[in-house]
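These notes concern the structure reproduced below.
Throughout, residue positions are numbered sequentially from 1 according to the sequence presented. Ligands are counted one by one from 1 in listed order, and the atoms in each one are counted from 1 as well.
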Amino acid sequence: MNARDRLIFALDVNSTDEALDLVRLLAAEVGVFKVGLELFVAEGPAVLEQIKRAGARAVFLDLKLHDIPATMRAAAKAAAALGVDYLTCHCEQAGIFAGLDLGRTRLLAVTVLTSLGPEDLKAAGYPPALQDPRALVLHRARLALAAGAAGVVCSGQEAAGVRQALGGDALVVCPGIRPAAKPGTSADDQKRIVTPEQALAAGASHIVVGRPIRQAGDPVQAARQVVEGIRLGLGVPAAD
Ligand code: C5P
C-alpha cells in the first residue's frame, strides 16, 4: 500500500454534483473517498456508483450503524451489496458479526468520536475509569475485534495503544486530523486532534481528512501535503 492509499477524503457535501467535482479534482491524490450520512441521506446509494465512475478507486460508507444485532447484520449485508470497500458501525456486543459474509467490504467499528473529550464522557455518565478517552477507546477496540470487525476508528491520540492491543493486521483509521497548527487554524468541532505524521507514526493504517483539504485555497496542494505527512510518519522516501 502506498502513502496515498492511506488517505481517506471525507466527501462531507450534500449533493452529487459537489461530490463528483471533488472526486474528479482529487482522484489522483486520494486513495479512498468517504461518503457520510449527509451525502448518503441526501442522494441515496446511486451516489456510490457515480463517484466510482468519476475515478474513486475505493469507497468508504460511513453510516456508523447502531442497532440490535439482527438489524445491524441485515444493514451491514445490504451496505456490502452496494460494493463499498469499508463500512462503519458501532459495536457493543461480542460476536455480533460472527459468520457474516460481507464479501470485500471491511467493517470498521467507531470507538469514541473524535469530537468528544473527557468532559463530554463525564457528562454522558461514564464512570471515572472510562472518562479518559484512551481507556474507553481501548475497551471498545477489543470488543470490536471480538465482534468480528476488521478494525476500528479512533483518534491519533489513542492509535499507539490500539495498535499495540490489536496487533499488526487490524485497520486503525484516524479522523480528527489537523496539519501542524498555524496561527488562525481552528480545530472546528474536533477535540482529539493530531497531525498526519503523528497519526501514522503512532500506528494508524489510514487517516480521514475532510475540511483541511476541502476548505483549503488549493485542495490538491493540501492533499499532497497530507500525503507527504503520511510518508514522513511512515518514514518512507518521497517517491514510494
Ligand atoms: O472535516 P474533518 O477532517 O474534521 O472530517 C472528519 C470526518 O471524519 C467527518 O466526515 C466525520 O464524520 C468523520 N469521523 C470523525 N470521527 C469519528 C468517525 C468519523 O470525525 N470518530
Hey, can you pull the donor-acceptor pairs under 3.5 Å for the side chains in residues 75-90, sequence neighbours left out?
residue	atom	partner	partner atom	Å
D85	OD1	R104	NH1	2.4
D85	OD2	V59	N	2.8
T88	OG1	D62	OD1	2.6
T88	OG1	L63	N	3.2
T88	OG1	K64	N	3.0

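With sequence neighbours left out, the salt bridge (charged side-chain N to carboxylate O under 4.0 Å, His left out) criterion links R24 to D21. Legend: residues meeting salt bridge (charged side-chain N to carboxylate O under 4.0 Å, His left out) with R224, ordered by chain and number and at least two apart, are E29.
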**Asked** When you look at R57 and D5, which way does the side chain to side chain contact (heavy atoms under 4.5 Å, CB included) test go after all the steps?
**Response** CA-CA 9 Å; R57 282 167 295 123; D5 295 331; 3.2 Å; yes

Please give the N or O to N or O pairs under 3.5 Å between ligand 1 and the protein, distances rounded to 0.1 Å.
residue	atom	partner	partner atom	Å
ligand 1	1 (O)	R211	N	2.7
ligand 1	1 (O)	R211	NE	2.8
ligand 1	3 (O)	R178	NH1	3.1
ligand 1	3 (O)	G210	N	2.8
ligand 1	4 (O)	R178	NH1	3.4
ligand 1	4 (O)	R178	NH2	2.8
ligand 1	4 (O)	Q190	NE2	3.0
ligand 1	4 (O)	R211	NH2	2.8
ligand 1	10 (O)	D12	OD1	3.3
ligand 1	10 (O)	D12	OD2	2.7
ligand 1	10 (O)	K34	NZ	2.7
ligand 1	16 (N)	T114	OG1	3.0
ligand 1	20 (O)	T114	OG1	3.3
ligand 1	20 (O)	Q190	NE2	2.9

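R6 and I230 get closest at one heavy-atom pair: CD-CG2, 4.1 Å.
Surrounding CG of D169 are at most 12 heavy atoms belonging to other residues, nucleotides or ligands under 6.0 Å away.
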